[in-house]
Novice: 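Structure incoming, see below.
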Amino acid sequence: MIPKELNSAYDPKKTENKIYKLWEKSGYFSPDKLPGKRTKKFSVMMAPPNITGSLHMGHVLENTEVDILVRMKRMRGFKTLWLPGIDHAGIAGQNAVEKELRKQGIRRHDLGREKFLEKMWEWKSKYEHVILDQLKKIGVSSDWSRTRFTMDPNINTAIQKAFIHYYKKDWIYRGERVINWCQRCGTGISDLEMEYKEEKGKLYHIKYPLALRPASQKLQRGEQAQGDNDIIIVATTRPETMLGDTAVAVNPKDSRYKNLVGKEAVLPIQNRKIPIIADISIDMKFGTGAVKVTPAHDVTDFEISQRHNLPKVQIINERGIMTAEAGKICEGFKAGECREKVIEKLGELGLLQKIEDYTHNVAYCERCSAKIEPRLSKQWFLKMSELAKLAIGAIKNKETIIIPKKWERVLIDRLKNERDWNISRQLWWGHKIPIEGENDVLDTWFSSALWPFATLGWPKKTKDLKNYYPTDFITSARDILNIWIAKMIFSGKEFMGRSPFKIAYIHATILNKEGKRMSKSLGTGVDPLELIEKYGADAVRFGIIYQNLGNQDIRFNENAMITGKKFANKIWNATRFVLMAQNGKFEIRNSKFEKNSKLKIKNSKLTEADKKILNGLKKTTAEVNNLIEKYEFGKALHLLYDFFWHEYADVYIEAVKKQLNREVILKVHIDLLKLLHPFMPFITEELWGMFDKKGLLIIEKWPN
RNA sequence: GGGCGGUUAGUUUAAUGGUAAAACAUCUCGUUUACACCGAGAAGAGUGGAAGUCCGAUUCUUCCACCGCCCACCA
């Protein structure tokens, strides 16, 4: 008899929550509570989602892939740990709360540091559950009892320890550097936290008189400079920054300016003599080939100034207001307002040669969309030379294998050119730099770098650390390859002596239908929760993995979820049929089936169809195993789908309607439920329960 | 500017040195031991363009075009 609860269509809503609770209650997500003797271990760290975030398709892909691996290893008898966590997410975290407060008309500075941080923690305790619950919805089987937060006391200890370690090695230093400064966030940000937008602007050509007697004397008398022989023309998009110029630079190979190198020009308005220097970074073909050098407000100019020992004049402060150094005309005004003033003044002096329309890229803060102004600032740096070598070594000698292989070279190339890491941020939310009197906090990636061992209790010598480090696997998006993966590798080498994971798997990027990157701000993202609501979690997992074939990109296609939903229904109904064919429930463990499952099914009794399906099952099982071990999840799923639908359901089940071998169909069906479980855990667990309520599928023996 | 990847039926993808496969969509027929979220079948591309290697290329090489991604950055 078909059990009453078996309707003719699968309803994920009736199943998913119930099944997830069963799993949680069983304790099997924790390696400590797994049954049997498990000598082999398998461990993975979750890439901790931000407290600000809600689930996006990238999370679904990433965590489904790990879940497939973890569920299979668990069924294969490994002592399996998947450790979840959340990231405090530095700027992004702070901005989320600031934004929330601003709705109530409150600013961060109104509250003060302490009060604001209270708000941050309130936010954290509220939102950590939101994202973790979303992960549960897609069936993530990680060990929630070990959930870590990047600002947990234990992890803070790890960070202190690491910082002091580096400090004692003299790898941490304080230096002046032009950094990307967000005036709104009030902090320096990394290159990766900026986005460039193409904008129409102007290119101003400005005459700088040479410091030859006649010209400079005329200038000092307020007369107009004249003649092309006693000027040098520079081109700039930000004329107001000229007030902080300390040199004019040309390319050493540029014959036009050869005789001017070593001489001086007079900086208009400021009436300051500045040298004309030669530097290889100058592009002869751009503009006039002569560049004004503003070391305090431009990254390239700063580097030039380091090479030539130029002074650095700060004319814009941290709030974007012109300083006294900028001179009387501009002091106290916003930088933007001064552009007008400077241009007007140059016009009066007759020093403005021309203004051209010009399209260029302008940097904006990715987190708050404010314009980025490069600014000289005191920051803490971590020396990268030795650490980068450690990471390169670990990759080259395969201590960590990068998959797909092509990223190996990309990563090594980047590590070879790694600049020292600016580890300080002018934020309130984060780990305070452990030096007295220091107000800055550490870059959020400083904690992420220690994640694989800090989560296991380091620097304490815990059991977990001994058991689960190094981990077996990590997966990440390719754009955080160097910002995260590389940093974990060198941190692992430095502090643990071993690279933190054997495999670093760079997963595909999910693009939208148009083949472009999904972006929340552009509204081109797809909400996984809506998809789950519509098709069920198994179907969404199916859909995303089914599309994940050889390529590095997945062009999102909702049809695949529909296919997944139909497939779930197919599995459901095939199970109904098998149950009917068995004429009720089978107690698998107590039946002959257990013995027969080792394929002691009597050969003489087998029909051709039986033989064919058993053979097909054997081949499919072997191939699926092979593919999962190679992280080719999409191909494995295609194979299972095709076999289940077109060989098992379309052909074998039809054949069985004429002549039934109960043992064979049961064996095939049960094995398929097991093989499908990592991909579609909810429905397979639910259906497994129809056969045997004594145990859960999640820990059943995996078919080999 | 540097690097990487893609371009195959209407769509999303697969495959192969010997003239291409699947799913969805379309059309036709069928469906009383699971499933209309089903079954059987049909039609539909000669694999972006050009050249080369080869008996033979969609598959290898080169160039071009277009699309996308990453990195750097434009004074």
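In what follows, chains carry the letters A, B, and so on, assigned in the order in which the sequence lines appear, proteins first and then strands, with residues in each chain numbered from 1. What you see is a predicted model, and the numbers here were worked out from it, not measured in a lab.
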Novice: Whole Å only: how far is the CH2 atom of W572(A) from the C1' atom of rC35(B)?
Specialist: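 In whole Å, rC35(B) C1' and W572(A) CH2 are 12 Å from each other.
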Novice: Which nucleotide in the list rU33(B), rA25(B), rU12(B) gets nearest to the side chain of M580(A)?
Specialist: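 The answer is rU33(B).
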Novice: Distance check, P atoms only: rC60(B) and rU8(B), in whole angstrom units.
Specialist: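 rC60(B) and rU8(B) have their P atoms separated by 15 Å.
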Novice: Heavy-atom nearest nucleotide on RNA chain B for R478(A) versus F577(A): which residue maps closer to 5'?
Specialist: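 Its nearest nucleotide being more 5', the pick is F577(A).
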Novice: For rU12(B) and R555(A) - does any side-chain N or O of the residue sit under 4.0 Å from the phosphate oxygens OP1/OP2?
Specialist: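 For rU12(B), OP1 or OP2 has a side-chain N or O of R555(A) closer than 4.0 Å.
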Novice: Would you verify whether the NZ or CZ of K566(A) falls within 45 degrees of the ring axis of W645(A) while also being under 6.0 Å from that six-membered ring's centre?
Specialist: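 The answer is no, since K566(A) fails at least one limit relative to W645(A).
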Novice: Check this for me: does any side-chain nitrogen of one of R177(A) and E303(A) sit under 4.0 Å from a carboxylate oxygen of the other?
Specialist: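 No.
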Novice: Rounding to an integer number of Å, can you tell me how far L579(A) CG sits from rU33(B) C1'?
Specialist: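 Nearest whole value for this atom pair: 13 Å.
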Novice: Ignoring the backbone of T563(A), work out which of rC24(B), rU12(B), rC35(B) is nearest its side chain.
Specialist: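 For the T563(A) side chain, the nearest candidate turns out to be rC24(B).
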Novice: Centroid separation under 6.0 Å, is that true for the rings of Y648(A) and H669(A)?
Specialist: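 That pair passes the under 6.0 Å test.
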Novice: Work out how far the P atom of rG46(B) is from that of rA36(B), and round it to whole angstrom.
Specialist: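 rG46(B) and rA36(B) have their P atoms separated by 38 Å.
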Novice: Under 3.5 Å for both pairing distances: what stems, at least three Watson-Crick or G-U pairs long, include RNA chain B?
Specialist: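 B:1-7 with B:65-71, B:10-13 with B:21-24, B:26-30 with B:38-42, B:48-52 with B:60-64 - these are the stems of 3 or more pairs that involve RNA chain B.
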Novice: How many Å lie between OH on Y535(A) and C1' on rC24(B), as a whole number?
Specialist: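 So the two atoms are 12 Å apart, to the nearest Å.
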Novice: Whole angstroms only, please: what is the CZ-C1' distance between R576(A) and rA34(B)?
Specialist: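 Computing the R576(A):CZ to rA34(B):C1' distance gives 6 Å.
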Novice: Could you state the atom-to-atom distance from CD1 of I510(A) to P of rU12(B) in whole Å?
Specialist: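 Whole-Å distance recorded here is 16 Å.
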Novice: Over how many whole Å does the gap from K658(A) atom NZ to rU32(B) atom P extend?
Specialist: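 Atom NZ in K658(A) sits about 14 Å away from atom P in rU32(B).
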Novice: Pick out which of I545(A), I544(A), L627(A) makes a side chain to side chain contact (heavy atoms under 4.5 Å, CB included) with L637(A).
Specialist: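 Among I545(A), I544(A), L627(A), the one meeting side chain to side chain contact (heavy atoms under 4.5 Å, CB included) with L637(A) is I545(A).
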Novice: Can you list everything that forms a side chain to side chain donor-acceptor pair (under 3.5 Å) with D357(A)? Sequence neighbours excluded, please.
Specialist: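 Per chain and number, D357(A) pairs via side chain to side chain donor-acceptor pair (under 3.5 Å) with K202(A).
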Novice: In whole angstrom, give me the gap between the P atoms of rA9(B) and rA20(B).
Specialist: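 Taking atom P in both rA9(B) and rA20(B), they lie 14 Å apart.
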Novice: Going by an N to O cut-off under 4.0 Å, is there a salt bridge joining D11(A) and K13(A)?
Specialist: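 Salt bridge absent between D11(A) and K13(A).
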Novice: If I pick the C1' atom on rA25(B) and the same atom on rA43(B), what distance separates them, to the nearest angstrom?
Specialist: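 After rounding to an integer number of Å, I get 13 Å for this pair.
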Novice: Would you mind writing out the side-chain donor-acceptor pairs for residues 241-250 of chain A within the sub-3.5 Å range, not counting sequence neighbours?
Specialist:
| from | atom 1 | to | atom 2 | distance (Å) |
| --- | --- | --- | --- | --- |
| T241(A) | OG1 | R238(A) | O | 2.7 |
| T241(A) | OG1 | K292(A) | NZ | 2.7 |
| D245(A) | OD1 | K292(A) | NZ | 3.0 |
| D245(A) | OD1 | T294(A) | OG1 | 2.7 |
| D245(A) | OD2 | Y208(A) | OH | 2.6 |
| T246(A) | OG1 | P311(A) | O | 3.0 |

Novice: Nearest whole angstrom, please: distance from the C1' of rG68(B) to the CD1 of I554(A).
Specialist: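 Spelled out: CD1 on I554(A) to C1' on rG68(B) is 15 Å.
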Novice: So A235(A), base contact, sugar-phosphate only, or nothing? Heavy-atom distance under 4.0 Å.
Specialist: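 Sugar-phosphate contact only - A235(A) comes under 4.0 Å of backbone atoms but never of a base.
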Novice: Could K312(A) and D301(A) be called an ion pair, given the rule that one side-chain N must be under 4.0 Å from one carboxylate O?
Specialist: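 Looking at K312(A) and D301(A), the cut-off is not met.
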Novice: From the list rU12(B), rA15(B), rC70(B), which nucleotide is the closest neighbour of the side chain of K635(A)?
Specialist: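 Nearest to the side-chain atoms of K635(A), counting from C-beta on, is rA15(B).
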Novice: Are the charged groups of K258(A) and D254(A) less than 4.0 angstrom apart, N to O?
Specialist: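 No, this pair does not count.
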Novice: Quantified in whole Å, what is the P atom distance between nucleotide rA45(B) and nucleotide rU53(B)?
Specialist: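 The answer is 31 Å between these two P atoms.
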Novice: Specify the glycosidic conformation (syn or anti) of rG48(B), with syn defined as within 90° of 0.
Specialist: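 Chi for rG48(B) falls in the anti range.
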Novice: Side chain to side chain contact (heavy atoms under 4.5 Å, CB included) with K658(A): which residues, sequence neighbours excluded?
Specialist: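 Scan of K658(A) (side chain to side chain contact (heavy atoms under 4.5 Å, CB included), adjacent residues dropped) gives none.
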Novice: Base, sugar-phosphate, or nothing for L660(A), non-hydrogen atoms under 4.0 angstrom?
Specialist: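 Here L660(A) touches no strand at all.
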Novice: Name the nucleic acid region contacted by L481(A), choosing base, sugar-phosphate or nothing; use a 4.0 angstrom heavy-atom cut-off, strictly under.
Specialist: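 Result for L481(A) = nothing.
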Novice: Are any of the side-chain heavy atoms of L415(A) and N482(A) separated by less than 4.5 Å?
Specialist: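 They are not in contact (no side-chain heavy atoms under 4.5 Å apart), so the answer is no.
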Novice: So, taking the atom named OH in Y652(A) and the one named CG in N661(A), what distance separates them when rounded to the nearest 0.5 Å?
Specialist: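 Spacing of OH (Y652(A)) from CG (N661(A)) equals 5.5 Å.
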Novice: Tell me whether the rings of W445(A) and W484(A) are parallel (<30°), tilted (30 to 60°) or perpendicular (>60°).
Specialist: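 Answer is tilted, since the angle falls between 30° and 60°.
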Novice: Which part of the nucleic acid, if any, lies within reach of T300(A) when heavy atoms closer than 4.0 Å are counted: base, sugar-phosphate only, or nothing?
Specialist: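 If one applies the 4.0 Å heavy-atom cut-off, T300(A) turns out to touch the sugar-phosphate alone, with no base involved.
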Novice: Return the residues of residues 401-410 of chain A meeting this criterion: a heavy atom under 4.0 Å from some atom of RNA chain B. Order them by number, or give none.
Specialist: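 Those residues whose heavy atoms fall under 4.0 Å from RNA chain B, taken from residues 401-410 of chain A in numerical order, are K406(A), R409(A).
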Novice: Which value, in whole Å, describes the distance between the P atoms of nucleotides rU26(B) and rC69(B)?
Specialist: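 Per the computed distance, 32 Å lies between those P atoms.
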Novice: Say we look at rA23(B) and rG5(B): how far apart would their P atoms be, to the nearest angstrom?
Specialist: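 Going atom to atom, P in each nucleotide, I get 31 Å.
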Novice: Quick one, which residues of residues 636-652 of chain A touch RNA chain B with a heavy atom under 4.0 Å?
Specialist: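 Under 4.0 Å from RNA chain B: W645(A), H646(A), A649(A), D650(A).
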Novice: With rounding to whole Å, what would you report as the distance between rC4(B) and rU16(B) at their P atoms?
Specialist: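 Roughly 23 Å separates the two P atoms.
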Novice: Tell me whether K612(A) is salt-bridged to E647(A), with the criterion being a basic N under 4.0 Å from an acidic carboxylate O.
Specialist: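 Salt bridge flag = no for E647(A) with K612(A).
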Novice: Within the modelled atom types, does a donor on one side and an acceptor on the other bring the side chain of K657(A) and the base of rA34(B) under 3.5 Å apart?
Specialist: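 Indeed there is one.
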Novice: Please give, in whole Å, the distance from rC67(B) C1' to L511(A) CG?
Specialist: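 Nearest whole value for this atom pair: 11 Å.
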Novice: Which is true for Y358(A) with a 4.0 Å heavy-atom rule: it touches a base, it touches only sugar-phosphate, or it touches nothing?
Specialist: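 Since only primed, P, OP1 and OP2 atoms lie under 4.0 Å of Y358(A), the category is sugar-phosphate.
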Novice: At 4.0 Å (heavy atoms only), tell me whether R238(A) reaches a base, stays on the sugar-phosphate, or touches nothing.
Specialist: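 No contact.
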Novice: Closest to the N573(A) side chain: rC73(B), rU13(B), rC35(B)?
Specialist: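 Shortest atom-to-atom distance from the side chain points to rC35(B).
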Novice: Does any N or O donor sit under 3.5 Å from an N or O acceptor when you compare the side chain of K570(A) with the base of rC37(B)?
Specialist: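 For K570(A), whose side chain was compared with the base of rC37(B), there is no donor-acceptor pair (under 3.5 Å).
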